[in-house]
Amino acid sequence: MEFKVSELEREPEEFDLVLAAGTIDCGEEAEQKAPLKVEGRAEVIHEHRGPDEVVADIRLRGHYKGLFEAPCARCVEPVEVPVDGEFDLIFRPENVDAQSGERAISAPDTEIGYYEKDSLLLEDVLREQVLLSLPTRVLCKPDCKGLCPSCGVNRNSQTCTCEEGPKDPRWEALAGLRSQIKL
Ligand SMILES: [Zn+2]
Ligand SMILES: [Zn+2]
């Protein structure tokens with residue numbers, strides 16, 4: 001969905017959409033596995049920067065809810081990641097700050113982004129919001145054993161005959177300790 005500044009100038013736009021699975025492309029970081037529900041409101045806010053300078057910002061507020069899949073940080077198996085978030089964002093025309101220097105508006109509850117030419121794509125905004133909301137380290141389970149560094153098997157489901165651990169004596173001492181603890 002595209003928001004055009006010229007149309008939003010006439011009247012704000014309310015939206016309530018369901019974006020089919022796969023619409024939001026997060027590259028290798030995540031895959032949209034289920035329809036994403038998103039509802040909210042887009043409007044133009046005029047930022048008065050001087051007697052003659054008025055900047056048309058787009059304010060986009062809303063809520064989204066859906067299901068993504070991201071690879072486990074250790075074993076790379078896909079892990080379901082439910083997403084459910086709110087956003088309240090301000091988008092300025094591209095280059096406006098480059099020309100007039102950094103002049104922050106006082107909007108503590110909003111974040112500032114930029115729109116290109118004269119419109120903003122909802123899908124682009126959602127992609128960024130989803131990526132920001134993903135945990136920095138997705139794990140399939142807290143004690144995921146990961147992949148064997150030698151042969152690459154998934155140690156959660158398979159065992160391999162590769163040599164266990166590095167030959168560093170400090171590690172061997174630690175392994176000895178661990179076997180004592182088990183006894
Ligand atoms: Zn894992
Ligand atoms: Zn192995």
Side-chain angles (χ1 to χ4, degrees), residues 1-3 15-42 58-91 94 107-116 120-183:
M1 179 179 195
E2 188 179 23
F3 301 109
F15 53 92
D16 189 349
L17 306 167
V18 177
L19 302 174
T23 306
I24 307 298
D25 181 4
C26 292
E28 286 176 9
E29 290 192 61
E31 193 181 337
Q32 188 197 341
K33 297 304 282 186
L36 185 75
K37 270 187 66 65
V38 54
E39 31 95 17
R41 179 183 166 92
I58 298 176
R59 183 178 187 189
L60 191 63
R61 281 178 281 177
H63 172 244
Y64 61 91
K65 193 175 163 75
L67 181 70
F68 281 71
E69 241 177 38
C72 170
R74 290 188 197 147
C75 72
V76 236
E77 286 294 314
V79 182
E80 285 193 350
V81 184
V83 297
D84 188 346
E86 309 254 338
F87 53 89
D88 185 350
L89 307 157
I90 297 258
F91 295 88
E94 194 184 34
D109 296 326
T110 57
E111 294 171 53
I112 307 279
Y114 295 90
Y115 63 85
E116 289 172 24
L120 181 68
L121 269 182
L122 179 63
E123 287 79 358
D124 288 344
V125 175
L126 288 170
R127 178 192 305 118
E128 202 183 333
Q129 291 301 303
V130 167
L131 285 173
L132 286 171
S133 78
L134 292 178
T136 42
R137 211 170 142 74
V138 174
L139 290 177
C140 62
K141 50 184 177 184
D143 60 345
C144 170
K145 297 192 187 87
L147 303 176
C148 169
S150 308
C151 71
V153 304
N154 185 337
R155 285 167 156 175
N156 297 305
S157 54
Q158 289 180 65
T159 46
C160 58
T161 53
C162 299
E163 239 169 271
E164 270 299 317
K167 286 285 186 194
D168 190 312
R170 287 169 297 179
W171 287 110
E172 278 173 17
L174 204 70
L177 263 177
R178 202 179 293 146
S179 62
Q180 282 173 30
I181 292 163
K182 271 183 198 153
L183 287 171

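Just follow the structure's listing: the first ligand is 1, and inside any ligand the first atom is 1. Both backbone and side-chain heavy atoms feed into the values below; hydrogens, waters and symmetry mates do not.
- Counting only distance, with no hydrogens or angles, the side chain of Q32 and the backbone of T23 share a donor-acceptor pair below 3.5 Å.
- For the atom pair C144 SG and N154 CG, the distance stands at 6.5 Å (nearest 0.5 Å).
- The Zn ion (ligand 2) is the vertex of the angle joining SG of C162 and SG of C151, which measures 110° to the nearest 10°.
- Rounding to 10°, one obtains 110° for the angle at the Zn ion (ligand 2) between SG (C148) and SG (C160).
- Rounding to the nearest 10°, we obtain 110° for the angle at the Zn ion (ligand 1) between C144 SG and C75 SG.
- For F3 and F15, the ring centers are positioned less than 6.0 Å apart.
- In terms of modelled atom types and a separation under 3.5 Å, the side chain of E123 and the main chain of M1 share a donor-acceptor contact.
- One finds an angle of 110° at the Zn ion (ligand 1) between SG on C140 and SG on C72, to the nearest 10 degrees.
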